[in-house]
Enquirer: 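Would you mind keeping the following structure in view while I ask a few things?
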Amino acid sequence: MVAPKKQKKAIESINSRLALVMKSGKVSLGLSTTLKSLRQGKAKLVIIANNCPPLCKSEIEYYAMLAKAGVHHYTGNNIDLGTACGKYFHVSVLSITD
């Protein structure tokens with residue numbers, strides 16, 4: 001088990017890297033655009049919120065396996081993921097394309 005201090009530091013690290021990626025613009029938000037980028041083979045990493053529906057989660061993981069893209073399960077819910085992206089709406093799934 002990870003100590004609470006280290007876990008908080010890891011979450012802050014992910015959030016800061018996510019902010020950097022959002023600034024670069026090489027990201028697609030949402031289920032449909034993520035699936036599209038996975039089908040085209042453009043996605044390098046997919047981030048899924050922990051309260052994403054199981055059917056969507058399994059579909060994304062399957063496409064990511066076929067596209068040889070990484071999958072990261074975000075520890076927060078979709079509200080936290082949207083806030084980490086700097087958006088004022090919920091984000092359940094996002095893909096980093098570059």
Enquirer: Please walk me through it: do Val93 and Ile60 pass side-chain contact (heavy atoms from CB on, under 4.5 Å)?
Expert: CA-CA 9 Å; Val93 181; Ile60 291 164; 3.3 Å; yes
Enquirer: Decide yes or no on side-chain contact (heavy atoms from CB on, under 4.5 Å) for Ser92 and Ile48, but give the supporting numbers first.
Expert: CA-CA 6 Å; Ser92 290; Ile48 305 172; over 6 Å; no
Enquirer: Side chains of residues 33-47: which donor-acceptor partners sit under 3.5 Å, not counting sequence neighbours?
Expert:
residue	atom	partner	partner atom	Å
Thr33	OG1	Leu29	O	2.6
Thr33	OG1	Gly30	O	3.4
Thr34	OG1	Gly30	O	2.6
Ser37	OG	Thr33	O	3.4
Ser37	OG	Thr34	O	2.9
Ser37	OG	Ser95	OG	3.1

Enquirer: List, one per line, each side-chain donor-acceptor pair under 3.5 Å for residues 73-82, sequence neighbours excluded.
Expert:
residue	atom	partner	partner atom	Å
His73	NE2	Glu61	OE2	3.1
Tyr74	OH	Asn15	OD1	2.7
Asn77	OD1	Ile79	N	3.3
Asn77	OD1	Asp80	N	3.1
Asn78	OD1	Asn51	ND2	3.3
Asp80	OD2	Asn77	N	3.4

Enquirer: Out of curiosity, does Ile96 fall in the hydrophobic cluster containing Val91 (side-chain heavy atoms, cut-off under 4.5 Å, transitive links)?
Expert: yes
Enquirer: Can you give me the closest heavy-atom contact between Cys56 and Cys52, atom names plus distance?
Expert: CB-SG, 3.9 Å
Enquirer: Identify whether Leu31 and Leu94 are in the same connected component of the hydrophobic contact network (ILVMFWY, side-chain heavy atoms under 4.5 Å).
Expert: no
